[in-house]
Amino acid sequence: MSDEELEDFEPDQDDLEKEDDEKETEEWEDYRKEGEEYSEEWMPTPLTEDMMKEGLSLLCKTGNGLAHAYVKLEVKERDLTDIFLLRSYIHLRYVDVSENHLTDLSPLNYLTHLLWLKADGNNLRSAHLNELPYLQIATFAYNQITDTEGISHPRLGILDLKGNRIRRVTGLDPQKLTSLHTLELRGNQLDSTLGINLPRLKNLFLEIKDTGPKT
């Protein structure tokens, strides 16, 4: 993927718009508590070729411009537990795997042209991925993520981790995250802002848990 192609990328404003989401947060908290209470075991549901055919869109040129491939995939709300098949779809640039039952995103490490990732509402305990050189927007809201390790994408501008179980911010390297301007951390269990030292950060959304003695 050339730099010219990247410069033409304009994020959808509907995806980036920050709305008052208190109601949404409450709904997801109820959903998460219900899941914990019943400890439901999901039946294994791997991503299939038929699902891929239904979810693929946006035909674009690839490589030297002589070949074409679909670069957008939406497979949300499919009860997926496994996305191993994505390893073969290396031209994908926009991927939505939200509202499934995923615990592992490692197949995405093969998508080195990825620009946009939405993995909200899964069972992820980590947002760790290999460094993806073109990734600009990544959302992992309403999972079970406990830390911020393994996020080192140099072009990442927007990172959404709201509604998780993060207590401390660690591993956000200012030398690597040189493009990060928006960080969403509301709905976690943070007790300080230590670890947030990012050179281009303009928008920070968080809540600090009060751990002090009550008078």
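Throughout, residue positions are numbered sequentially from 1 according to the sequence presented. Model, not experiment: these values are computed from the prediction.
Checked by atom type and distance alone, the side chain of Thr81 pairs as donor or acceptor with a backbone atom of Thr45 at under 3.5 Å. Remark: the backbone N or O of Ile145 is not paired with any side-chain donor or acceptor of Asn143 at under 3.5 angstrom. Remark: side-chain polar atoms of Asn109 are not paired, donor with acceptor, to backbone N or O of Leu129 under 3.5 angstrom. The backbone N or O of Gly171 sits nowhere less than 3.5 Å from a side-chain atom of Asp173 that would complete a donor-acceptor pair. Remark: the backbone N or O of Ala141 is not paired with any side-chain donor or acceptor of Thr139 at under 3.5 angstrom. For the pair Asp160 (side chain) and Lys118 (backbone), a donor-acceptor distance under 3.5 Å is absent. Not one N or O on the side chain of Asn164 forms a donor-acceptor pair closer than 3.5 Å with the backbone of Asn188.
Considering CG of Leu132 and CG of Leu111, their distance stands at 7.5 Å, rounded to 0.5 Å. Atoms CG and CG, on Leu115 and Leu156 in that order, are 11.5 Å from each other to the nearest 0.5 Å. Taken to the nearest 0.5 Å, the CG atom of Leu204 stands 4.0 Å off from the CG atom of Leu206. The line from CG of Leu190 to CZ of Arg165 is 14.5 Å long, rounded to the nearest 0.5 Å. Between the OG1 atom in Thr148 and the CG atom in Leu185 there is a gap of 7.5 Å [rounded to 0.5 Å]. Note that CG of Leu177 and OG of Ser152 are 7.0 Å apart. Values are rounded to the nearest 0.5 Å.
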Would Lys72 and Glu74 count as a salt bridge (Lys or Arg N to Asp or Glu O under 4.0 Å) if you check the C-alpha gap in whole Å, the side-chain angles of each, and the deciding distance to 0.1 Å? CA-CA 7 Å; Lys72 183 177 180 180; Glu74 181 181 304; 5.5 Å; no

Could you walk me through whether Lys162 and Tyr142 pass the side-chain contact (heavy atoms from CB on, under 4.5 Å) test, one step at a time? CA-CA 6 Å; Lys162 69 173 172 281; Tyr142 307 112; 3.5 Å; yes

Given the rule in the side-chain contact (heavy atoms from CB on, under 4.5 Å) test, do Phe140 and Leu117 qualify, once you have shown the distances and angles that lead to the verdict? CA-CA 9 Å; Phe140 304 95; Leu117 170 63; 4.0 Å; yes

side-chain contact (heavy atoms from CB on, under 4.5 Å) assessment of Ile151 paired with Lys176: CA-CA 9 Å; Ile151 303 172; Lys176 294 182 178 180; over 6 Å; no

Trace of the side-chain contact (heavy atoms from CB on, under 4.5 Å) decision for Leu73 with Val75: CA-CA 6 Å; Leu73 175 68; Val75 285; 3.8 Å; yes

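A 4.5 Å side-chain heavy-atom check between Asp191 and Arg168 finds at least one atom pair inside the cut-off. Proximity of Asp147 to Ile166: side-chain heavy atoms (C-beta onward) are nowhere separated by under 4.5 Å. Leu159 is listed as a side-chain neighbour of Leu161, based on a closest heavy-atom distance under 4.5 Å. Between Tyr70 and Leu92, the closest side-chain pair of non-hydrogen atoms is not below 4.5 Å. Between Pro154 and Glu131 there is a side-chain heavy-atom pair separated by less than 4.5 Å.
For the 3.5 Å distance criterion, the side chains of Thr170 and Glu149 qualify, holding a donor opposite an acceptor. Between the side chains of Asp79 and His101, at least one donor N or O lies within less than 3.5 Å of an accepting N or O. Side chain to side chain, Asn203 and Thr182 meet the donor-acceptor criterion of an N or O pair below 3.5 Å. Side-chain N/O atoms of Gln189 and Arg167 include a donor and acceptor closer than 3.5 Å. Under the 3.5 Å distance criterion, with hydrogens and angles disregarded, no donor-acceptor pair is assigned to the side chains of Thr48 and Asp50.
For the pair Ile158 and His181, the tightest heavy-atom approach, listed with the atom from each and the gap, is CG1-CE1, 3.6 Å. Scanning all heavy atoms of the two residues, the minimum distance from Phe84 to Pro107 falls at CA-CG, 3.8 Å. Heavy atoms only, all atoms of each residue included: Lys76 and Asn100 are closest at CA-ND2, 3.8 Å. Across every non-hydrogen atom of Asn130 and His128, the tightest pair is OD1-CE1, 4.4 Å. When all heavy atoms are compared, the tightest approach of Ile83 to Leu47 is CA-CB, 4.1 Å. Residues Pro199 and Thr178 approach most closely at CG-CA, 4.5 Å, considering heavy atoms.
Surrounding CZ of Arg125 are at most 12 heavy atoms belonging to other residues, nucleotides or ligands under 6.0 Å away.
No continuous path of hydrophobic side-chain contacts links Leu58 to Ile90 [ILVMFWY only; heavy atoms under 4.5 Å]. At a threshold of 4.5 Å between side-chain heavy atoms, the hydrophobic network of Ile, Leu, Val, Met, Phe, Trp and Tyr places Tyr110 and Leu102 in two separate groups.
Note: Trp116 and Tyr94 have tilted aromatic rings, judged against thresholds of 30 and 60 degrees for the angle between ring planes.
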